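Working notes, structure below.
Quick note on labels: first sequence line is chain A, next is B, and so on, each numbered from 1. Bear in mind that the values here come from a model prediction, so they are computed numbers and not experimental data.
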Amino acid sequence: MSVRVRYAPSPTGLQHIGGVRTALFNYFFARSEGGKFILRIEDTDQVRYSDESLQDLYDTFKWLGIEWDEGPDKGGDCGPYVQSERFEMYKEYAEKLVEEGKAYYCYCTPARLDKLREEQQKDKKSQQGYDRHCRDLTAEQRAEYENQGIKPVIRFKIPLDGMVVFHDELLGDVKRKTRDINPDPVLLKSDGFPTYHLANIIDDHHMNITHILRAQEWLPSGPLHILLYKAFEWEPPLYCHLPMVMGKDGQKLSKRHGSTSLRDFIAQGYLPEAIINYVSLIGWSYDDSREFFTKEELEELFTITKLNKAPGVFDYKKLDWFNGQYIRKLSDDELKAKIIPYLAEAGCLENPPAPGQSELINGLIPIVKERLKLLSDIVPMTAFLFQDISGYEAEELIPKKQDAASTKEILQLGRPLIEKVGELDDEQLEEAFKVLSEESGYKLGDLLAPLRVAVTGSRVSPPLFASIRLLGLDKAVRRIDLAINKL
RNA sequence: GUCUCCUUCGUCUAGUGGUUAGGACACCGGGUUUUCAUCCCGGCAACAGGGGUUCAACUCCCCUAGGAGAUGCCA
């Protein structure tokens, strides 16, 4: 049977790194096996559901360039691919389980459950979880609850004794005593919606899913799922629990570690190539040295056998490095197109840029390309071209071991040479400054540093002469004069 | 508390009984360079601990410790 895998997010928040990695691994696995990758929306949590999350899901994967073979927007033979549209089905299956004595109605109120949990918290030694209060209700007791108008949930009867074993492609055989499984989990909520466990099993079965690649946080519910497959007399799929993605402190990656939503990464100017490449290397590797992979290569090379069992820490710095690498691989035109929105948003230019602005960007790309880690870096890096920079402190102008007077002299000495920026090329200018350095006794660095600050407002900038050409000679000279007056 | 999973440089990892334990990021030095960055060269740095098995353990087994996850009418 050919491979069918799915990504089954619940639209209750923005797509985050962990989820995306799970999706990617599923996608790569499907492609590498010549199988199908399916998207299913698990919108059974009506309380936390949001349209924005759903839109974010589509936006994110469009940006990544990942397409599913079947899904709500694509169609397919196993639809609908949205759980809320399969509502009736879950109820029928849950009730079937009740009829067969494998599940039961539970009338316990949330208040009772809260109280129970509270008591168990106090007495840590007691068994945690539901106390199976309604597991063996008589018909009379049930009728009474019904008369009170209580809407029941349906709970699954976890066998009181026995052992569940299932095979994980990565972890091997996972064994668990049934008494260690969360006692009688809810299958159908009182609002008639299924819980994750129920809907997941039913859909995976009906969608002919062959492999479940999901994060290891799901491992504890594996035995429950196996039990459910058994209850329905269905063949369970093959499991593979992926190592989790952690923050620097070793805990599950979350917002307090930094950006986690793809939306944030996109806004900061990460490239999809970098994200895909980096994320694929958390918990997976190819060999002892190769680490650059395109999406297409991963579609071919990915394999479960190279997965790692241990959780991996998300390293923002390495992602940044990858991003810089991929920015440098962009053509000038590609980089230009990606950078314009950032400059436009900062108010530096219009989008699309006016003709003169377009020229300016063309000139700016080559000097900025090897300096960018994030696309958004373009704004602070080139702001001096678009904005007034006169706000810097006079102190900034003065190189180490120089003072205001000597710096003033340096600027006055350098000014005439700067005026030749239009006629001379970089090499000639440099030569001219070297000559000046010898004649004046000032070090080359001390000569150029004040000019750099005068022109760009900062000690760190793109190459000076190129920057001046982009800025315009007139403006540059005016800024130098302004600097001289500051001292 | 209970259950389960995990454990090689700070981080991501290679390694499947015999290796000077390899690579990358980060970090530190040096070179190129008008600053920064790029690029190049070099360095630092790891098999959690203890028992076995074996002629031989990072590799296999057990224990301990540490970490993580789960323990919901959330997924």
Side-chain angles (χ1 to χ4, degrees), chain A residues 8-10 12-13 19 42-45 47-48 106 108-110 113-114 117 120-121 123-130 151-155 168 171 174-177 179-183 185-191 193-197 199-200 215-223 241 243-244 246 248 250-252 278 281-292 306 308-322 324 328 367-373 381 426 429-430 433-434 437 443-449 451-453 456 458-465:
Chain A
S10 99
T12 54
E42 306 217 328
D43 57 345
T44 56
D45 186 343
V47 180
R48 296 196 305 154
C106 165
C108 292
T109 60
L113 264 16
D114 284 347
R117 201 168 299 124
Q120 290 173 341
Q121 290 282 322
D123 182 14
K124 285 281 191 185
K125 276 171 215 137
S126 73
Q127 160 108 28
Q128 303 283 301
Y130 183 55
K151 283 219 175 106
V153 302
I154 293 180
R155 285 182 184 274
D168 185 283
L171 271 18
V174 179
K175 295 181 193 125
R176 178 105 72 133
K177 295 192 194 93
R179 52 167 301 156
D180 289 330
I181 297 173
N182 185 28
V186 172
L187 260 24
L188 202 73
K189 307 176 204 177
S190 54
D191 64 2
F193 273 87
T195 59
Y196 165 81
H197 302 296
N200 197 258
Q216 242 174 59
E217 60 188 296
W218 290 107
L219 193 56
S221 40
H241 288 88
M244 303 217 301
M246 314 304 241
K248 215 167 181 53
Q251 311 229 328
K252 206 167 149 182
Y278 175 64
L281 260 15
I282 309 174
W284 182 84
S285 64
Y286 179 67
D287 62 14
D288 62 345
S289 57
R290 180 169 174 189
E291 56 183 353
F292 277 98
K306 296 293 287 180
N308 209 31
K309 292 181 192 177
V313 174
F314 190 87
D315 186 348
Y316 288 86
K317 285 206 170 143
K318 186 144 191 183
L319 206 213
D320 286 352
W321 176 79
F322 266 114
R328 265 159 253 141
I367 63 170
V368 105
K369 199 182 209 170
E370 67 200 26
R371 276 160 245 271
L372 294 174
K373 273 206 165 90
M381 198 173 285
D426 284 7
L429 281 163
E430 212 175 308
F433 270 95
K434 277 180 183 160
S437 167
K443 286 191 290 184
L444 187 60
D446 285 356
L447 238 32
L448 289 166
L451 289 166
R452 181 184 306 282
V453 176
T456 69
S458 167
R459 289 182 181 183
V460 175
S461 82
L464 182 58
F465 306 138

message: What is the distance, to the nearest angstrom, from the CD atom on A/E291 to the C1' atom on B/G22?
response: 13 Å
query: Taking C-beta and beyond as the side chain, do A/L319 and A/F314 meet within less than 4.5 Å on heavy atoms?
result: yes
Quick one: which protein N/O atoms are closer than 3.5 Å to N/O atoms of nucleotides 47-50 of chain B? Pair and distance per line, please.
none

task: Sequence neighbours left out, what passes side-chain hydrogen bond (donor to acceptor under 3.5 Å, both in side chains) with A/R452? Give chain and number order.
output: A/S461
- request: Choose from B/U35, B/A75, B/C12 the nucleotide whose nearest atom is closest to any side-chain atom of A/P463.
  value: B/U35
task: Rounded to the nearest angstrom, tell me the gap between atom CZ in A/F292 and atom P in B/U13.
output: 17 Å
message: Using only atom types and a distance under 3.5 Å, with no angle test, would you say the side chain of A/K248 pairs donor to acceptor with the backbone of A/Y316?
response: no
field: Donor-acceptor contact present, side-chain A/Q216 to main-chain A/K309, <3.5 Å
entry: yes
Partners passing side-chain hydrogen bond (donor to acceptor under 3.5 Å, both in side chains) against A/D168 (at least two apart in sequence or in another chain): A/H241
message: Tell me if a side-chain donor or acceptor on A/R179 pairs with a main-chain N or O of A/I181 at a distance below 3.5 Å.
response: no
- prompt: Hey, is the main chain of A/G222 close enough, under 3.5 Å, to the side chain of A/R176 for a donor-acceptor pair?
  reply: no
task: Check every strand shown and say whether A/V153 touches a base, only sugar-phosphate, or nothing at a heavy-atom separation below 4.0 Å.
output: base
Under 3.5 Å between N/O atoms: give me all the protein pairs with nucleotides 4-10 of chain B, atom names plus distance.
from : atom 1 : to     : atom 2 : distance (Å)
B/C5 : O2'    : A/Q216 : OE1    : 3.1

- line: Considering only heavy side-chain atoms of A/K317, the closest of B/G69, B/C25, B/U35 is B/C25
Could you pull out the protein-nucleic contacts involving nucleotides 37-40 of chain B (nitrogen or oxygen on both sides, under 3.5 Å)?
from  : atom 1 : to     : atom 2 : distance (Å)
B/A37 : O2'    : A/E370 : O      : 2.4
B/A37 : N1     : A/E370 : OE2    : 3.2
B/A37 : N3     : A/E370 : OE2    : 3.1
B/C39 : OP1    : A/Q325 : NE2    : 3.3

Identify each atom pair where a protein N or O and an N or O of nucleotides 60-62 of chain B are less than 3.5 Å apart, giving names and distance.
none

task: Quote, to the nearest angstrom, the C1' distance that separates B/U54 from B/G10.
output: 35 Å
